[in-house]
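Below you'll find the structure, written out as structure tokens, and then a few comments.
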Amino acid sequence: MKLLGVLRNWVLAGLVLVPAAYAQDVVRIGAVLPVTGKESKIGSAYKQATELAVKEVNDAGGLLVGGKKLKIDLSLLDDTSDAAKSAQLVEQLITQSKVHAVIGGYGSQLVQAQSVVPERYGIPYISGGAGATSIYGRSKWVFGTLSPVEHLAATQMDFLQDLVATGKLKAPLSIALLSEQTEHGNDYAKGVKEYVAAHPAAWKLPLEQKFELYTADFRPLLGRVQAAKADLFMADAHLEDFVNMQRTYTQMGLRNQMITYGARGADVSGRKSLGAAADYIFASGWWSDLLPYPQVKAFNARYKAATGAEPQWYHAMAYETVRALLVAIQHAGSLDPEKIRSALASLKLTESIVPGGVLSFTKTGQVDLPFVVTQNKPDGKVDLVWPKNDKTGEPVAPIPWH
Amino acid sequence: MERLASVLLSSLLLAGLYATMSYGLAVIYGVMRIINLAHAGLMMLAAYVTLTLNTRFGLDPFLSLLVVAPLFFGLGVVLDLTLIRRLPRGGTGPSMQSLLLLFGLWLVLQNLAYVVWGGDTQSILTPYTMSSVPLLGERYGVPLLLVFAVSLLSLVGLTIVLRRTFLGKAIRAVTQNRDAALLSGVNAGRISAVAFGLGTAFAAIAGTMLSTLYAFTPDFGRSLLLKAFCIIVLGGMESFTGVAIGALVLALIENLAAAYTTIPTSFQDAISFSLLVLVLVFAPNGLPALFRGFSRRAVAR
């Protein structure tokens, strides 16, 4: 009898406490990021930016939801850059921590694995770490703040076309194109090829080759680039391959009129590894701290004050991803998943730090924002050279080889 | 003709790099019948130690070999005495326990590197990193030429030790027949420790060399380890000259395919591993043993 009494008390306590533990007076956000492992460099940057974005709102008293200020409770888990673990942790956040929304990781492979989980439970999911188009459009619950990688390539081609229009380069121009054997590389190559196919009079593609990640020796591949005698050299590579390939390119004495490695080039660590061999390489990115908007200058100053470091593109996109989610929750006026999802789908975040200044999602859930183009200059300088209205310096074309 | 000469030279230089990566594996397998799955982790660790010596003390990577090689020799001896020696002995091939232990050691080294140095991509930039010299109408990077020189010296040094010193004879005796060597008074346990130390030192030499050529992270070495396996199988697993030949064969196939076919270079690894499969099926003792068999049959006829 005594035992029954104890059991009854536990059950009653549970009925009171369990709902209290998941009370609607706090916004529960889950995040699964690669804080350790292969993707840890950018994964830990995403963690830093995510925590900063949440801290700013909490320090201001919380998020205004339905007339009430609610604190944000962020549960951030490390998937150690493992795709299977990543998906499992997203499921854990949804089923056990009962989060109202999930912030996704960095890297198309990890985000791809995570993105199948929200559909099962009807929980909004937003990622600032994957530009591969195949991730989006499959589920109404999945949103992404990185523009498609094909558009990165198209932006670069628009930039090059403008160099022809302004007389810096002379058409027709041929391109030797190398891309890594990944989703990202395939999208990049597709973007370049589609542009060339659409403008056959001005552009030729005499060489297009793929390479494996972490290729041991780029000489054979660059030997084919040399033999192609193309005007321009365009590649898409991870940081290690970018450094290794550009070193071999320089040692082999190759000289093309313009060089790009897709999104690589302006990276601080890339420039440190290559020295003067990185000069005049142009790169496209999802963001640059050189964007001349007041909100970007304010963000740069706040970020540096909070962390001691200048923000890179991944800090900015992670930060803005969280901001987009929190503003959507505010607009929804509720923690109901469908209302949050609907608010995300119709979001128009003005005075955003992203290129163009306005963040909104297309029908697939992915953004379609303009890319920026930067060009390295000697002595460690970097200029924003595209979009034209936002440029901080003139593009140098062709490369002044000595 | 000039193109062929240039392809052959590129292959030779690349073979130097491949051989340097593979000597350590061959030493350990030859004496201990253990496949050192921690080889990639040791190369990676050596790359980071070289980076630290370069950034903290301004030591040139090639000069740092004088520090790195002995340091890792000592590490290898310690690993043998504390871990490898505890593995159950028996059988002619590598035991499951040795494979799992060394794989676990690789993971530990990787995670240690993430904790100590972080996940940022690192590289070493020296005044000669981007320099190149013209040879046979093409330009070749100075670091690759220096790596080739080190590889050649390593092969010569190893050959001298094995053929001209008592230690070398003892190593060869244990490689050929451990029990007979024991009966002859060779301290097989001490030889195993020296062999593991030597194998680790060679892994470190490879890691230092690789750090002058590539950017790296704690994940570094995985794909190179697979190539090293391919090379020691091609070369016969126990012979260092065989390793050099295996490295040259692999480098030649990769460069000739890139220069004279339209096969995408992304298929290079597939070509290498297809060759590995063929050798394991038709010449499991390696290419040198296969050629010796052919020549014996030719002489007998």
Side-chain angles (χ1 to χ4, degrees), chain A residues 34-45 80-81 178-181 185 207-227 238-254 264 267-278, chain B residues 3 6-7 10-11 13-14 17-18 21 110-111 114-115 118-127 129-134 138-145 210 212-224 226-227 251 254-259 262 264-270 272:
Chain A
V35 183
T36 58
K38 227 165 39 162
E39 305 288 6
S40 61
K41 177 191 152 82
I42 296 182
S44 50
T80 68
S81 311
L178 304 181
S179 55
E180 59 182 33
Q181 194 84 281
L207 179 76
E208 193 234 327
Q209 296 271 285
K210 299 231 175 281
F211 60 89
E212 290 295 325
L213 286 179
Y214 317 123
T215 294
D217 180 28
F218 280 112
R219 274 198 75 93
L221 193 54
L222 289 171
R224 290 186 177 182
V225 170
Q226 194 171 37
H238 266 58
L239 183 56
E240 294 93 326
D241 288 329
F242 156 53
V243 170
N244 298 335
M245 197 187 295
Q246 181 61 12
R247 282 187 173 185
T248 309
Y249 179 100
T250 307
Q251 288 162 0
M252 288 174 70
L254 268 63
R264 302 291 168 206
D267 319 68
V268 169
S269 44
R271 297 214 69 175
K272 212 172 111 188
S273 303
L274 293 167
Chain B
R3 189 164 188 220
S6 153
V7 169
S10 295
S11 304
L13 294 175
L14 186 62
L17 171 65
Y18 284 173
M21 279 170 6
Q110 205 173 49
N111 282 285
Y114 273 118
V115 167
D120 283 10
T121 300
Q122 304 283 357
S123 64
I124 298 175
L125 186 63
T126 65
T129 297
M130 303 299 174
S131 302
S132 55
V133 294
E138 303 257 345
R139 299 197 71 89
Y140 293 88
V142 166
L144 187 60
L145 293 169
L210 292 167
T212 65
L213 298 174
Y214 301 119
F216 51 92
T217 64
D219 210 38
F220 175 71
R222 200 181 296 261
S223 60
L224 295 171
L226 294 174
K227 273 200 202 288
E254 287 178 353
N255 277 290
L256 287 170
T262 52
T265 58
S266 56
F267 285 11
Q268 246 177 24
D269 282 352
S272 310

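Small disclaimer: the values here were computed from a predicted structure and weren't measured. Below, chains carry the letters A, B, ... as their sequence lines are ordered, and counting in each starts from 1.
Taking every heavy atom of both residues into account, B/L213 and A/N244 meet most closely at O-OD1, 3.7 Å. Listed here is the closest heavy atom pair of B/R139 and A/R219: O-NH1, 2.9 Å.
No donor-acceptor pair under 3.5 Å is formed between the side chain of B/N255 and the backbone N or O of A/P220. The backbone N or O of A/G37 sits less than 3.5 Å from a side-chain atom of B/Y114, completing a donor-acceptor pair. At least one donor-acceptor pair under 3.5 Å links the side chain of A/Q251 to the backbone N or O of B/T129.
Using a 4.5 Å cut-off between heavy atoms, B/F220 makes no contact with chain A at all. Heavy atoms closer than 4.5 Å to chain A are found in the backbone of B/I124, but not in its side chain. The contact between A/Q209 and chain B is made entirely by side chain atoms (from C-beta outward), counting heavy-atom distances below 4.5 Å. Proximity to chain B involves both the backbone and the side chain of A/L274, based on heavy atoms less than 4.5 angstrom apart. Neither the backbone nor the side chain of B/A251 comes within less than 4.5 Å of any heavy atom of chain A. Both the backbone and the side chain of A/S273 come within less than 4.5 Å of a heavy atom in chain B. For A/Q226, the part lying near chain B is the side chain, with the backbone staying farther off; criterion is any non-hydrogen pair under 4.5 Å.
Note that CD of B/Q122 and NZ of A/K41 are 9.0 Å apart. Values are rounded to the nearest 0.5 Å. Rounded to the nearest 0.5 angstrom, A/D267 CG and B/D120 CG are separated by 11.0 Å. Here CD of A/E240 is found 10.0 Å from OG of B/S123. Values are rounded to the nearest 0.5 Å. Between atom CG of residue A/D217 and atom CG of residue B/L17 there is a gap of 8.0 Å, rounded to the nearest 0.5 Å.
Contact check for B/P143 versus A/R247: no side-chain heavy atoms found under the 4.5 Å cut-off.
For A/K272, the NZ atom sits in a loose shell: 12 or fewer heavy atoms of surrounding residues, nucleotides or ligands are nearer than 6.0 Å.
Comparing B/V142, B/N111, B/L14 by how many heavy-atom pairs each has under 4.5 Å with chain A, the most go to B/L14. Here A/L221 is the residue among A/L221, A/T248, A/D241 with the most heavy-atom pairs under 4.5 Å with chain B.
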